[in-house]
Amino acid sequence: QLQLAESGGGLVQPGGSLRLSCAASGSTLDYYAIGWFRQAPGKEREGVSCINRSGGSTNYADSVKGRFTISRDNAKNTVYLQMNSLKPDDTAAYYCAGLYYCSGPRFTQWGQGTQVTVSS
C-alpha cells in the first residue's frame, strides 16, 4: 500500500522560503494524484494544492496562488511544495495525501505531517 512521509518544515521569517517534500513508499507515486493540506491551531484542515498523476494539471488555494508551486518527480517517488513569500498565516502543520484524482477521495491515511512556522 502507498505510504507517504512529509518533511522539510521548519521556522522561517516572513518573506522567506521553504520546500516541503512528500516521499512515497510501498508503491510507485505515478499511480496517484497528490494533494497538500494544512491545519493551523484552532482551524479545520484545508486543501492547499494538488497535482495530477501526469503532473500536467495543478491547482492551488486562493490564499497561496502565486506564492506556492507544486511539482512531482516520479523517478524519485517524491512530490514537492515550494513555498515562497511566506506569511505568518501560512503557519500550520502540512500534510500530503494520495488521491484517486485531485477532485476525488483520499487513498492514503493522514500521516504525522511537517510543521511550518512563519515568525520573526
Side-chain angles (χ1 to χ4, degrees):
Q1 293 185 339
L2 179 67
Q3 294 178 298
L4 302 176
E6 304 92 343
S7 63
L11 175 64
V12 64
Q13 294 184 351
S17 298
L18 286 172
R19 188 179 74 163
L20 306 185
S21 296
C22 176
S25 62
S27 183
T28 53
L29 192 61
D30 57 350
Y31 287 103
Y32 307 98
I34 301 295
W36 281 99
F37 303 80
R38 67 185 182 186
Q39 186 169 25
K43 297 184 178 180
E44 296 182 351
R45 198 190 307 263
E46 63 175 343
V48 176
S49 183
C50 188
I51 187 166
N52 72 354
R53 286 173 289 178
S54 69
S57 180
T58 59
N59 61 57
Y60 300 90
D62 288 342
S63 59
V64 306
K65 286 181 179 177
R67 300 189 297 118
F68 290 10
T69 302
I70 190 170
S71 62
R72 66 191 302 157
D73 187 341
N74 288 342
K76 296 182 178 179
N77 269 348
T78 302
V79 169
Y80 304 98
L81 184 67
Q82 178 67 46
M83 306 185 297
N84 298 325
S85 301
L86 283 163
K87 304 175 180 180
D89 284 349
D90 296 318
T91 296
Y94 284 72
Y95 305 84
C96 60
L99 310 171
Y100 291 100
Y101 49 95
C102 281
S103 59
R106 280 185 292 114
F107 185 85
T108 59
Q109 296 180 326
W110 297 116
Q112 296 183 9
T114 185
Q115 179 67 38
V116 172
T117 301
V118 184
S119 176
S120 59

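In what follows, every heavy atom counts, from backbone to side chain, and hydrogens, waters and symmetry copies are set aside.
Qualifying side chain to side chain contact (heavy atoms under 4.5 Å, CB included) partners for T69, counting only residues two or more places apart in sequence or in other chains: Y60, Q82. For S85, there are no side chain to side chain donor-acceptor pair (under 3.5 Å) partners two or more places apart in sequence or in a different chain. For K43, the salt bridge (Lys or Arg N to Asp or Glu O under 4.0 Å) criterion is met by no residue, not counting sequence neighbours. With sequence neighbours left out, R38 forms a side chain to side chain donor-acceptor pair (under 3.5 Å) with E46, S63, D90, Y94. For the side chain to side chain donor-acceptor pair (under 3.5 Å) test, no residue two or more places apart in sequence or in another chain qualifies with D73.
Among residue pairs with one or both ends in residues 21-36, none qualify as salt bridge (charged side-chain N to carboxylate O under 4.0 Å, His left out); sequence neighbours excluded. Sorted by first and then second residue, the ring-ring contact (aromatic ring centres under 6.0 Å, His included) pairs involving residues 15-35 (not counting sequence neighbours) are Y32-F107. Evaluation of the ring-ring contact (aromatic ring centres under 6.0 Å, His included) test over residues 34-57, restricted to residues two or more places apart or in two chains, returns F37-W110. Under the disulfide bond (SG atoms under 2.5 Å apart) criterion, the residue pairs touching residues 13-93 are C22-C96, C50-C102, with sequence neighbours excluded. The side chain to side chain donor-acceptor pair (under 3.5 Å) contacts involving residues 13-24 comprise S17-N84, where partners must be two or more places apart or lie in separate chains.
Between Y100 and R53, the shortest heavy-atom distance links the atoms O-NE, 4.4 Å. In terms of heavy-atom proximity, R72 sits nearest to L29 at NH2-O, 2.7 Å. The minimum heavy-atom distance between S27 and L2, with the atom names listed, is O-CD1, 4.0 Å.
Note that CD1 of I34 is 5.0 Å distant from CG of L4, once rounded to the nearest 0.5 Å. The distance from atom CG of L20 to atom CD1 of I70, rounded to the nearest 0.5 Å, is 10.0 Å.
Looking at T78, its side chain does come within 3.5 Å of a backbone N or O of K76 through a donor-acceptor pair. For N52 (side chain) and S57 (main-chain N/O), a donor-acceptor pair under 3.5 Å exists by modelled atom type.
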Identify each donor-acceptor pair in which a side-chain atom of residues 111-120 lies under 3.5 Å from a protein atom, sequence neighbours left out, and give them as a table.
residue: T114; atom: OG1; partner: G9; partner atom: N; Å: 3.0
residue: Q115; atom: NE2; partner: A92; partner atom: O; Å: 3.4

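With hydrophobic clusters built from ILVMFWY side chains whose heavy atoms lie under 4.5 angstrom apart, F68 does not share a cluster with Y95. One hydrophobic cluster, built from ILVMFWY side chains closer than 4.5 Å, holds both L18 and I51.
When the shell of 6.0 Å around CZ of R67 is examined, it contains more than 12 heavy atoms from other residues, nucleotides or ligands.
With side-chain heavy atoms closer than 4.5 Å counting as contact, directly or through intermediates, L11 stands alone and belongs to no larger hydrophobic cluster.
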